[in-house]
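Here's the structure we're looking at; comments come further down.
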Amino acid sequence: MPELPEVETIRRDLEKALLHKTFSQIEVIDPFVLRTPQDKFIDALKKKSVEAIDRRGKALIVTCVGRDKVYLVVQLMMTGQLIIEGVPDKHTRIIFHVGNGRDRSLMLYNDQRRFGQLRVVKDLSDVKHLSLLGPEPFDAAFNPKYILEYTRHSKRPIKNLLLDHTFVAGIGNIYACEILFRCGLSPKRLAGRLSLAQAKDIHQYSIQVLNEAIEARGSSMRNYRDASGQEGGFKKLIRVYAREGENCPRCQSPIQRTVQAGRSTFYCPQCQK
DNA sequence: AGGTCGACCTGGCAGC
DNA sequence: TGCTGCCAGGTCGACC
């Protein structure tokens, strides 16, 4: 579900709610979402205190300290949610009890489709997905030169490349469409044919779109909720995604939908060449 | 080797 | 109302 801006919003919320608090108890309702054996998962987190909450791509990394240091890695995938102070429902898979006595609270892991994954590791390099990730869009390593060099020999459409997390981490289907719209670039354009100016646009508009979305606390299409269960505000700012048939905000011609790499792409054929 | 495609799950919605 | 088919923000492994 969530892409970089949504996960970053959740990360900031969790930081306010969880930092330096202790997991007093972990209730596993549905072990299906665990990638660490249930008893190990509970044992590794119980009585640990949260030292840091980081994000890498679309993954959340909760650093927990106690007898030893462990990392809780959460990939929300399509429908995962981490909710503070929510009421458990039929999609609640894990309940984290936080704090003690008067300062008690709950953090729920909800996940309708159960694609999400939670694991506990002692060493982040044990998480294969993390080791495969390309640079963060806000990193200096993600720059026009990198984009040009990475794509030089590529025969893939630029949209597919933006979705490839080994190229750049955290961009998903919504933001890939929005970034290309702002660039005025067709999602079907071959990545290997980019000019330096176009690589600069991709770099600049990636950062711009993602920053605006973080500012608006993410987009809510279907299932996305922040850590307090609220929808994000970027939905109103989305110009093409899921707007098939509506007028392009720039030229008024109808936005089209097509399918690339098995996923919907929305774009304006007039503005995006 | 690079790139594409189904599979993984559940549920909402449109159309009949 | 109920059924069917399609669609969904991600990721991986099988396959071409």
With sequence neighbours excluded, tell me which residues meet side chain to side chain donor-acceptor pair (under 3.5 Å) with R239(A). none
So, F234(A) versus Y175(A), ring centres under 6.0 angstrom or not? yes
How long is the line joining CZ of R56(A) and P of dG10(C), in whole Å? 16 Å
Run through V33(A), I29(A), I42(A), D111(A) and flag the one making a side-chain contact (heavy atoms from CB on, under 4.5 Å) with I94(A). V33(A)
The criterion is ring-ring contact (aromatic ring centres under 6.0 Å, His included); which residues satisfy it with H203(A), sequence neighbours excluded? F142(A)
Over how many whole Å does the gap from Q81(A) atom CD to dG10(C) atom P extend? 15 Å
OP1 or OP2 of dA8(C) versus the side-chain N and O atoms of T79(A): is any pair under 4.0 Å? no
S264(A): what forms a side chain to side chain donor-acceptor pair (under 3.5 Å) with it, not counting sequence neighbours? R257(A)
Can you check the distance between dC9(B) and dA14(C), where both ends of the measurement are the P atom (answer in whole Å)? 15 Å
Taken in chain and number order and not counting sequence neighbours, the residues that satisfy side chain to side chain donor-acceptor pair (under 3.5 Å) with Y146(A) are none
Contacts of K58(A) meeting side chain to side chain donor-acceptor pair (under 3.5 Å) (sequence neighbours excluded), chain-then-number -> none
Electrostatic pair E8(A):R11(A) at N-O distance under 4.0 angstrom: yes
So K235(A), base contact, sugar-phosphate only, or nothing? Heavy-atom distance under 4.0 Å. nothing
Send over the distance from Q260(A) CD to dG10(C) P, rounded to a whole Å. 14 Å
Which residues pass the side-chain contact (heavy atoms from CB on, under 4.5 Å) test with K40(A), sequence neighbours left out? T36(A), P37(A)
Can a salt bridge be assigned to the pair K48(A) and D68(A) using a cut-off of 4.0 Å between side-chain N and carboxylate O? yes
Residues forming a side-chain contact (heavy atoms from CB on, under 4.5 Å) with K188(A), sequence neighbours excluded: S186(A), T258(A), Q260(A), Y267(A)
At under 4.0 Å between heavy atoms, what does Y175(A) touch on the DNA or RNA strands: base, sugar-phosphate, or nothing? nothing
Of the residues in residues 109-122 of chain A, which ones touch DNA chain C at a heavy-atom distance under 4.0 Å? R113(A), F115(A)
Rounded to whole Å, the CG-P distance (N173(A) to dA8(C)) equals 8 Å
I'd like the 5' and 3' limits of the part of DNA chain B contacted by chain A, with heavy-atom contacts below 4.0 Å. dG3(B) to dG11(B)
Could you write out DNA chain C as dot-bracket? Rules: Watson-Crick or G-U wobble, both distances under 3.5 Å, brackets [ ] for crossings, | for pairs with another strand, dot for unpaired. .|||||||.|||||||
Would you indicate what S219(A) reaches in the nucleic acid, counting non-hydrogen atoms under 4.0 angstrom: base, sugar-phosphate, or nothing? base
Taking the P atom in each of dG6(B) and dC6(C), what is the distance between them to the nearest angstrom? 13 Å
Strictly below 4.0 Å, N to O, side chains only: are R156(A) and D164(A) in salt-bridge contact? yes
Hydrophobic cluster identity match, L163(A) and L185(A), side-chain contacts under 4.5 Å: no
Would you mind telling me which residue lines up with the more 5' stretch of DNA chain C, S264(A) or L132(A), judged by nearest nucleotide? S264(A)
Can you list, by residue number, the residues of residues 183-195 of chain A that have a non-hydrogen atom closer than 4.0 angstrom to DNA chain C? none
Can you name the salt bridge (Lys or Arg N to Asp or Glu O under 4.0 Å) partners of R114(A), sequence neighbours left out? D30(A)
Using a heavy-atom cut-off of 4.0 Å across all strands, would you classify P157(A) as base, sugar-phosphate, or nothing? sugar-phosphate
